[in-house]
Amino acid sequence: MLPYSNSSLSTEVSEFLLNCFVRSPSWQLWLSLPLSLLFLLAMGANATLLITIRLEASLHEPMYYLLSLLSLLDMALCLTVIPKVLAIFWFDLRPISFSACFLQMFIMNNFLPMESCTFLVMAYDRYVAICKPLHYPSIITDQFVARALVFILARNTFLTAPIPILSARLHYCGRNIIENCICANLSVSKLSCGNIMLNKIYQLILAWTLLGSDLILIFLSYIFILRAVLRLNTKGAAAKALSTCGSHFILILFFSTILLVLVFTHLAKEKVSPDVPVLLNVLHHVIPAALNPIVYGVRTQEIKQGIWKLLRKGNDSRK
């Protein structure tokens, strides 16, 4: 499995083995069912949301285009991580090829900050809608969404691409067992025989630069929104303004909370089981993906109406 050669990296390690919850094998049994249900829920709910926005003309607006982007990112992250984890749980399919491992690493490191950047653009959308309502149609246009999409793709692809590249260029000379359910950068790179300090420093700086700056700007925008709402004289207008932002803020809070818990468990790894950060990492790729469309579907009247319209059309077409 692991032929050794000094000439080429690919002949030294042809595949890795994912050691998923080997210290707590019972976790695999009780996690497999809820994880598979969450995966099906995430796929079904996001697909329903995308179809509704695509087919319902009243939802062809910038805010819903951004929501579609968030759903696509959620589905991509889910499909990248969860099927492989379930294959390990059910069939003990632990091997993952060298190229597949680094492709998974690239998608995870790229799409996660894309999500936080999308939340930032959505927060700006709500800021303009509440604080500058008269200028909203001229600022938040289809062209604005297109430019935001290019920025999200370019910023995150350009800055996160070095992570898997740096890891893939390391010298792997024998060890191939990854103590994780996924090909996380540091879990993989520490198997190498070379110096991984550059990998650690780059990932740390990037995480705080991208995710940290996004979250700070998001919460600043909501402080401005709250200030503007409190100045509204009409009670009904204030309630409506808060309602339009509520869905966004709930999801952003959940997204940032899981990230912070993950960071703190890594910092306190001597006091918690090594499987806890692994579990949180896996859940972070499926729980937000399952909750995002449900929160928007429940709290956004236009989406609820769009879904009911499509259901009625479907029932009418069968008659």
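Computed from a prediction, not measured in an experiment: that's the story for all the values here.
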Worksheet item: Regarding Asn110 and Asn156, is there a side-chain donor-to-acceptor distance under 3.5 Å anywhere?
Response: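 Distance-only check fails for Asn110 and Asn156.
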
Worksheet item: Cut-off 3.5 Å, side chains only: do Ser167 and Asn199 have a donor facing an acceptor?
Response: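 Ser167 vs Asn199: donor-acceptor pair found between side chains.
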
Worksheet item: Within the side chain of Gln28, is there an N or O that forms a donor-acceptor pair under 3.5 Å with the backbone of Cys20?
Response: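 Such a contact is found between Gln28 side chain and Cys20 backbone.
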
Practice prompt. Might you work through the side-chain contact (heavy atoms from CB on, under 4.5 Å) test for Leu18 and Cys101, ending with a clear yes or no?
Written response: CA-CA 10 Å; Leu18 293 166; Cys101 184; 5.9 Å; no

Non-hydrogen side-chain atoms of [X] and [Y] separated by less than 4.5 Å:
X: Cys117; Y: Phe151; answer: yes
X: Glu56; Y: Ile303; answer: no
X: Ile96; Y: Glu15; answer: no
X: His284; Y: Leu112; answer: yes
X: Asn46; Y: Leu70; answer: no
X: Pro113; Y: Thr160; answer: yes
X: Leu72; Y: Leu50; answer: yes
X: Asp142; Y: Tyr65; answer: yes

Rounded to the nearest 0.5 Å, what separates atom [atom1] in [X] from atom [atom2] in [Y]?
X: Asn195; Y: Met197; atom1: CG; atom2: CE; value: 6.0 Å
X: Leu283; Y: Leu38; atom1: CG; atom2: CG; value: 7.5 Å
X: Asp74; Y: Ile287; atom1: CG; atom2: CD1; value: 12.5 Å
X: Leu120; Y: Ile216; atom1: CG; atom2: CD1; value: 11.5 Å
X: Thr157; Y: Asn109; atom1: OG1; atom2: CG; value: 11.5 Å
X: Ile107; Y: Cys183; atom1: CD1; atom2: SG; value: 11.0 Å

Please report the closest heavy-atom contact between [X] and [Y], naming both atoms and the distance.
X: His285; Y: Asn281; result: ND1-O, 2.6 Å
X: Cys181; Y: Phe21; result: SG-CE1, 3.8 Å
X: Ser32; Y: Leu29; result: OG-O, 3.0 Å
X: Leu93; Y: Ile88; result: O-CG1, 3.5 Å
X: Ile152; Y: Met114; result: CG2-CG, 3.8 Å
X: Pro83; Y: Cys78; result: CD-O, 3.2 Å

For the [atom1] atom on [X], are there more than 12 heavy atoms of other groups (residues, nucleotides or ligands in this structure) within a distance under 6.0 Å?
X: Arg155; atom1: CZ; value: yes
X: Lys304; atom1: NZ; value: yes
X: Phe224; atom1: CZ; value: no

Worksheet item: Ile218 and Tyr124: side-chain contact (heavy atoms from CB on, under 4.5 Å), yes or no, with the steps?
Response: CA-CA 8 Å; Ile218 286 166; Tyr124 178 71; over 6 Å; no

Hydrophobic cluster membership, with links at side-chain heavy-atom distances under 4.5 Å among I/L/V/M/F/W/Y: are [X] and [Y] in one?
X: Met122; Y: Phe144; result: yes
X: Ile165; Y: Leu198; result: no
X: Ile225; Y: Ile139; result: yes
X: Phe119; Y: Leu153; result: yes
X: Leu33; Y: Trp90; result: no

Practice prompt. Using the test side chain to side chain donor-acceptor pair (under 3.5 Å), find all partners of Tyr202 that sit at least two apart in sequence or belong to another chain.
Written response: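 Result, side chain to side chain donor-acceptor pair (under 3.5 Å) vs Tyr202: none returned.
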
Worksheet entry | Validation row, ring centre Phe111 to ring centre Phe106 under 6.0 Å |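 No; Phe106 has its ring centre 6.0 Å or more from that of Phe111.
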
Item to complete: Taking the six-membered ring for Trp and the single ring otherwise, decide whether the centroids of Tyr172 and Phe16 are under 6.0 Å apart.
Response: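 Yes, the ring centres sit under 6.0 Å apart.
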
Worksheet item: Step by step, would you call Val286 with Val81 a side-chain contact (heavy atoms from CB on, under 4.5 Å)?
Response: CA-CA 9 Å; Val286 66; Val81 171; over 6 Å; no

